[in-house]
Amino acid sequence: MARDHHRDQTTGPSQRALRAAEVIRHAIAEILSRGEVHDPVIQGHVITVPEVRLSPDLKLATIYVMPLGGRDTKAVLEALERNKRYLRGEIAHRVNLKFAPDIRFRIDERFDEAERIEKLLRSPEVQRDLDNADDPKAADDDE
């Protein structure tokens, strides 16, 4: 009887993919923090690596980066793309995987999204609704 080796897409990444992604994240963060990439744009910025996502077959790593302060994101992304071959080689030396994954870089948008939600929660309309929800008398008046 043949086994079905296809994973359910709703379960998310496997433990192996999560562990490998975290090891890659640490490796790339170490490379960037030590200034091992000889590119003036990369050396001129402090770059955080909040997340790495691996494809299920571990052959493609999407590395999310954010320059400190969120400035010059386009220039930093272009510099990382220019140095992709070197970075992939360094990852291959530091991470014990059968194949070094292809890498691609993306700007981490989570900080912008969190700021947008924070602004929305501080808006006068939301504050008014929250104040009405806390006031039991106002809730009685609505009925």
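Bear in mind that the values here come from a model prediction, so they are computed numbers and not experimental data. Just so you know, these numbers use all the heavy atoms, side chains as well, and skip hydrogens, waters and symmetry mates.
Remark: Asp39 CG to Leu80 CG distance equals 8.0 Å, nearest 0.5 Å. A distance of 6.5 Å separates CD in Glu81 from CZ in Phe105, rounded to the nearest 0.5 Å. Rounded to the nearest 0.5 angstrom, Glu90 CD and Ile103 CD1 are separated by 10.5 Å. Between the CD1 atom of Ile24 and the CD1 atom of Ile91 there is a distance of 6.0 Å, given to the nearest 0.5 Å. Note that OG1 of Thr62 and CZ of Arg104 are 3.5 Å apart. Values are rounded to the nearest 0.5 Å. To the nearest 0.5 Å, the span separating CG on Asn83 from CD1 on Ile42 amounts to 4.5 Å.
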Verdict with supporting geometry, Lys84 and Asp102, side-chain contact (heavy atoms from CB on, under 4.5 Å)
CA-CA 9 Å; Lys84 182 189 292 193; Asp102 288 329; over 6 Å; no

Between Gln15 and Leu18, is the side-chain contact (heavy atoms from CB on, under 4.5 Å) condition met? List the steps.
CA-CA 5 Å; Gln15 282 296 320; Leu18 291 172; 4.1 Å; yes

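Val95 and Leu60 fall into different hydrophobic clusters, defined by Ile, Leu, Val, Met, Phe, Trp and Tyr side-chain heavy atoms under 4.5 Å apart, directly or through other members. Residues Tyr86 and Ile47 share a hydrophobic cluster, clusters being chains of Ile/Leu/Val/Met/Phe/Trp/Tyr side chains in contact below 4.5 Å.
Considering all non-hydrogen atoms of both residues, Pro101 and Arg88 come closest at O-NE, 3.0 Å. When all heavy atoms of Ala20 and Leu54 are compared, the pair lying nearest together is CB-CD1, 3.4 Å. Pairing each heavy atom of Gln43 with each of Gly35, the nearest pair is NE2-O, 3.7 Å.
Under a cut-off of 6.0 angstrom, the local environment of CZ in Arg16 is sparse, with at most 12 non-hydrogen atoms contributed by other residues, nucleotides or ligands. Other residues, nucleotides and ligands contribute over 12 non-hydrogen atoms within 6.0 Å of the CG atom of Asp57.
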Validation: residues 118-127 side-chain donor-acceptor distances under 3.5 Å, sequence neighbours left out:
{"residue": "Arg122", "atom": "NE", "partner": "Glu118", "partner atom": "O", "Å": "3.3"}
{"residue": "Ser123", "atom": "OG", "partner": "Leu120", "partner atom": "O", "Å": "2.8"}
{"residue": "Gln127", "atom": "NE2", "partner": "Leu121", "partner atom": "O", "Å": "2.9"}

When the side chains of residues 63-77 are checked against the rest of the protein, which donor-acceptor pairs come out under 3.5 Å, sequence neighbours left out?
{"residue": "Tyr64", "atom": "OH", "partner": "Arg53", "partner atom": "NH1", "Å": "3.4"}
{"residue": "Arg71", "atom": "NH1", "partner": "His45", "partner atom": "NE2", "Å": "3.3"}
{"residue": "Asp72", "atom": "OD2", "partner": "His45", "partner atom": "NE2", "Å": "2.9"}

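Applying the salt bridge (Lys or Arg N to Asp or Glu O under 4.0 Å) test to every pair with at least one member in residues 24-36, sequence neighbours left out, gives these pairs: Glu22-Arg25, Glu30-Arg34, Glu30-Arg94, Glu36-Arg94.
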